[in-house]
Asker: 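Take this structure first; my questions come after.
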Amino acid sequence: MVKLMDIQSRVRSVKAKTFAHPSVNYEPHPMHERWTRDEVEALFSLPFNDLLLRAQTIHRENFAPNTVQMSQLLSIKTGGCAENCGYCNQSSHFDTGLKATKLVDVEKVVEAAKKAKAGGASRFCMGAAWREPKERDMGDLCDMIAEVKDLGLETCMTLGMLTKDQAKQLANSGLDYYNHNIDTAPEDYGRVITTRTFEDRLHTLNTVRESGMNVCCGGIVGMGEKVEDRAGLLMALANMAPPPESVPINALVPVEGTPLGDSEPVHPIEFARLIAIARIMMPKSYVRLSAGREEMSDETQALCFMAGANSVFVGETLLTTDNPEKAKDEALFDRLGIIPE
Ligand code: SAM
Ligand code: DTB
Ligand code: SF4
């Protein structure tokens, strides 16, 4: 008969072997220090299971393990944008057949926000295809924020570059988050966008911080970037002081007619690796599995949740492209025992 002590000692020895793997460093990264390229590249070269174990451990130290935060997007001004972001179907520089609109009425926005809330979203994100907002639009934008907030939703906007005064107006109206992505590594930025610089992006992010709003800032992979660029993107995000509260990781949705429209997709394991590294480097941030979920299998998404993703965009459209249907997401969350936060 096998004795209890034998079982316990066998469990201990398995645990010891598991945790003693030389490639896994369980010492938490000293958060006061900046991540160096060597440290980040070491994470990229860890065996996948070691990386996942470490990410999941850090995830559980900082968040409830089986919950996901749900945000819903609405495009409040579509197309005709002056910028030339190589991934974007809303740029006026490329012919993608997208119809441009003017700023949506406040009532329409409130209607969409009510539906988002009824569907389970806790945050409503309003996005505009602008280089920056015009002064004449500020009144409507502030009304949208106040009315959406009154519904009991968190509010987020993404409108391009902001002046100090605009950021203050948005914050005073109740804007909880401002989304402004850096998209790729500083070294790779000029390959993707030439109508603004990486520093322009950082400048607006500082303005947002100074106004007291939470920062939502992330990037896109699958744009033909090198692995070093993915490391550079995560370094730039994690070395912000403090790191963004919300980090959307987008898988490029390739759109015909854009310069990056025929990019190769990132392998699902490499995508999950990036999520795991983001979780390790930014232990307290919400890491959002963002654009590209429509093309992802349930298994890839499950791997990403295991790697530490704890937020998604819900609703059948992102800004202009497709996102999984509600029933599909519900079935996936149900299967995984994931509860919306
Ligand atoms: N114009 C504002 C700006 O650029 O900050 C706000 C809207 S813009 C569409 C918001 C973000 O959506 C971009 O920064 C980019 O990260 C993401 N995005 C745009 N097109 C995408 C695509 N085809 N695939 C994945 N992400 C995309
Ligand atoms: C973010 O990082 N991803 C969202 C949100 N922030 C604004 C936008 C994704 C857009 C995908 C392409 C589209 O639907 O137009
Ligand atoms: Fe304009 Fe934003 Fe699209 Fe760039 S990503 S073209 S700034 S809408």
Side-chain angles (χ1 to χ4, degrees), residues 71-94 96-101 103 121 123-134 137 141 156-162 177-184 189 192-198 200-205 207-208 215-225 233 237 244 246-263 265-266 271 278 285-296 309 311-324:
S71 291
Q72 186 151 349
L73 285 160
L74 175 72
S75 179
I76 57 169
K77 196 270 164 206
T78 305
C81 183
E83 304 272 29
N84 71 348
C85 314
Y87 48 78
C88 188
N89 60 342
Q90 303 204 62
S91 165
S92 62
H93 296 253
F94 323 128
T96 61
L98 187 77
K99 196 173 161 287
T101 68
L103 186 63
R123 189 179 307 162
F124 193 64
C125 307
M126 296 157 266
W130 283 328
R131 176 174 165 83
E132 71 257 300
K134 303 272 175 308
D137 295 316
L141 294 172
C156 177
M157 277 188 170
T158 179
L159 314 166
M161 297 184 222
L162 294 181
Y177 288 80
Y178 194 77
N179 165 254
H180 202 65
N181 290 341
I182 55 170
D183 288 327
T184 189
Y189 207 73
V192 178
I193 302 153
T194 59
T195 49
R196 59 168 187 257
T197 63
F198 193 83
D200 289 332
R201 255 0 218 184
L202 295 183
H203 187 260
T204 295
L205 287 164
T207 305
V208 169
V215 170
C216 172
C217 181
I220 312 180
V221 290
M223 301 193 293
E225 72 285 343
L233 165 68
L237 292 168
S246 194
V247 179
I249 303 289
N250 297 278
L252 177 73
V253 179
V255 182
E256 214 183 303
T258 60
L260 298 171
D262 56 7
S263 307
V266 176
F271 190 81
S285 304
Y286 277 82
V287 174
R288 183 174 310 119
L289 194 50
S290 302
R293 282 203 308 123
E294 175 73 351
E295 289 73 31
M296 267 175 217
S311 170
V312 289
F313 284 121
V314 292
E316 286 167 25
T317 18
L318 291 162
L319 287 172
T320 65
T321 65
D322 293 344
N323 199 43

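Small disclaimer: the values here were computed from a predicted structure and weren't measured. No hydrogens, no waters, no symmetry mates; every other heavy atom, side chains included, goes into these values. Atoms within a ligand are numbered from 1 in the order they appear, just like the ligands themselves.
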Asker: One residue to check: Thr317. Relative to ligand 2, which of side chain, backbone, both or neither has a non-hydrogen atom less than 4.0 Å away?
Answerer: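 Neither part.
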
Asker: Between Asn181 and Ile220, is any pair of side-chain heavy atoms under 4.5 Å apart?
Answerer: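 SC-SC contact between Asn181 and Ile220 ruled out.
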
Asker: Does any N or O in the side chain of Thr101 come within less than 3.5 Å of the main-chain N or O of Thr78, such that one atom is a donor and the other an acceptor?
Answerer: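 A pair under 3.5 Å: yes.
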
Asker: Run the contact test for Arg196 against ligand 3 with a 4.0 Å cut-off on heavy atoms, strictly below, and give the result.
Answerer: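 Judged by the 4.0 Å heavy-atom criterion, Arg196 does count as contacting ligand 3.
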
Asker: Check Arg201 against ligand 1 and report side chain, backbone, both or neither, counting heavy atoms closer than 4.0 Å.
Answerer: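 The answer is the side chain of Arg201.
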
Asker: Where is the nearest protein heavy atom to atom 8 (S) of ligand 3: which residue, which atom, and how far?
Answerer: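 Checked against all protein heavy atoms, atom 8 (S) of ligand 3 sits closest to Ala129 CA, 3.5 Å.
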
Asker: Do any N/O atoms on Ser290 end up under 3.5 angstrom from N/O atoms on ligand 2?
Answerer: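 Not met; the criterion fails.
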
Asker: Please indicate whether His93 has more than 12 foreign heavy atoms, meaning atoms of other residues, nucleotides or ligands, lying under 6.0 Å from its NE2.
Answerer: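 Count over threshold, so yes.
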
Asker: Quick one: does Trp130's side chain get under 4.5 Å of Asp137's, heavy atoms only?
Answerer: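 With C-beta onward as the side chain, the pair touches.
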
Asker: What part of Cys88 sits under 4.0 Å from ligand 3 if we count only heavy atoms: the side chain, the backbone, both or neither?
Answerer: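 Side chain only.
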
Asker: In terms of atom number and element, which parts of ligand 1 are under 4.0 angstrom from non-hydrogen atoms of Gly160?
Answerer: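 Counting atoms of ligand 1 from 1, those under 4.0 Å from Gly160 are 2 (C).
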
Asker: Just by distance, do the side chain of Thr96 and the backbone of Gly257 share a donor-acceptor pair under 3.5 Å?
Answerer: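 Checking the backbone N and O of Gly257 against the side chain of Thr96, no donor-acceptor pair under 3.5 Å is found.
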
Asker: With a heavy-atom distance limit of 4.0 Å, tell me whether Val253 approaches ligand 2 through its side chain, its backbone, both, or neither.
Answerer: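 None of Val253 does.
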
Asker: Tell me: protein heavy atom nearest atom 15 (O) of ligand 2, and distance?
Answerer: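 Protein heavy atom at minimum distance: Thr320 OG1, 2.6 Å.
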
Asker: Quick one: pull up OG1 in Thr258 and CG in Leu252 and give me the separation to the nearest 0.5 Å.
Answerer: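 So the gap between those two atoms works out to 7.0 Å.
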
Asker: Give me the nearest non-hydrogen protein atom to atom 24 (N) of ligand 1 as residue plus atom name, then the distance to 0.1 Å.
Answerer: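 Checked against all protein heavy atoms, atom 24 (N) of ligand 1 sits closest to Val253 N, 3.0 Å.
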
Asker: If you have a sec, work out which protein heavy atom is nearest atom 11 (C) of ligand 1 and how many Å separate them, to one decimal?
Answerer: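 Sorting protein heavy atoms by distance from atom 11 (C) of ligand 1 puts Asn181 ND2, 3.8 Å first.
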
Asker: Any N/O/S atom, backbone or side chain, of Cys85 lying under 2.8 Å from atom 4 (Fe) of ligand 3?
Answerer: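 Under 2.8 Å: Cys85 contacts atom 4 (Fe) of ligand 3 through an N, O or S atom.
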
Asker: Among protein heavy atoms, which lies nearest atom 21 (C) of ligand 1, and at what distance?
Answerer: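 Answer for atom 21 (C) of ligand 1: Tyr87 CD1, 3.8 Å.
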
Asker: Is there a polar contact, in the sense of an N or O pair closer than 3.5 Å, between Gln90 and ligand 2?
Answerer: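 It does not: no N or O of Gln90 is found under 3.5 Å from an N or O of ligand 2.
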
Asker: If only atom types and distance count, is the side chain of Arg131 paired as donor or acceptor with the main-chain N or O of Arg196 below 3.5 Å?
Answerer: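 Absent.
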
Asker: Is there a protein heavy atom less than 4.0 Å away from atom 3 (Fe) of ligand 3?
Answerer: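 Within 4.0 Å: yes, protein heavy atom nearby.
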
Asker: Answer yes or no for atom 8 (S) of ligand 1: protein heavy atom present at a distance under 4.0 Å?
Answerer: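 Within 4.0 Å of atom 8 (S) of ligand 1, no protein heavy atoms are found.
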
Asker: Taking N or O atoms only and a 3.5 Å limit, does Thr158 qualify as a polar contact for ligand 2?
Answerer: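 Not met; the criterion fails.
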
Asker: Considering only the protein, which heavy-atom contact is closest to atom 4 (C) of ligand 2, and what is its distance?
Answerer: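 Here the closest protein heavy atom is Phe313 CE1, 3.6 Å.
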
Asker: Can you see which heavy atom on Tyr189 is nearest to which on Thr197, and at what distance?
Answerer: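 Scanning both residues, the minimum pair turns out to be CE2-C, 3.6 Å.
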
Asker: Please say whether Leu319 places an N or O atom under 3.5 Å from an N or O atom belonging to ligand 2.
Answerer: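 Min N/O separation from ligand 2 is below 3.5 Å for Leu319.
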
Asker: With backbone taken as N, CA, C and O and side chain as the heavy atoms from C-beta onward, which portion of Glu132 lies under 4.0 Å from ligand 3: side chain, backbone, both, or neither?
Answerer: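 It is neither; nothing of Glu132 touches ligand 3.
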
Asker: In terms of atom number and element, which parts of ligand 1 are under 4.0 angstrom from non-hydrogen atoms of Leu319?
Answerer: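 In order of number, 9 (C).
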
Asker: For Asn84 and Thr195, indicate whether the former's side chain and the latter's backbone hold a donor-acceptor pair under 3.5 Å.
Answerer: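 Yes.
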
Asker: So if I count the atoms of ligand 2 from 1 in the order they appear, which ones are less than 4.0 Å from some heavy atom of Leu73?
Answerer: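 Listed by number with element, the hits are 4 (C), 5 (C), 7 (C).
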
Asker: Students should be able to answer this: which protein heavy-atom is nearest to atom 3 (N) of ligand 2, and at what distance?
Answerer: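 Sorting protein heavy atoms by distance from atom 3 (N) of ligand 2 puts Asn250 OD1, 3.0 Å first.
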
Asker: Could you name the option among Ile182, Thr158, Leu73, Asp183 that has the heavy atom nearest to atom 16 (O) of ligand 1?
Answerer: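 Among Ile182, Thr158, Leu73, Asp183, the closest heavy atom to atom 16 (O) of ligand 1 comes from Asp183.
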
Asker: Is Ala128 in contact with ligand 1, taking contact as a heavy-atom separation below 4.0 Å?
Answerer: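 Yes; Ala128 lies near enough to ligand 1 that a heavy-atom distance drops under 4.0 Å.
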
Asker: In the protein, which heavy atom is nearest to atom 27 (C) of ligand 1, and how far is it?
Answerer: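 So the nearest neighbour among protein heavy atoms is Ile220 CD1, 3.7 Å.
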
Asker: Can you tell me which portion of Asn179 lies within the under-4.0 Å heavy-atom range of ligand 2? Options are side chain, backbone, both, or neither.
Answerer: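 Near ligand 2, Asn179 shows its side chain, while the N, CA, C and O stay back.
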
Asker: Would you mind checking which non-hydrogen protein atom is closest to atom 1 (Fe) of ligand 3, with the distance to 0.1 Å?
Answerer: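 It is Cys81 SG, 2.3 Å.
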
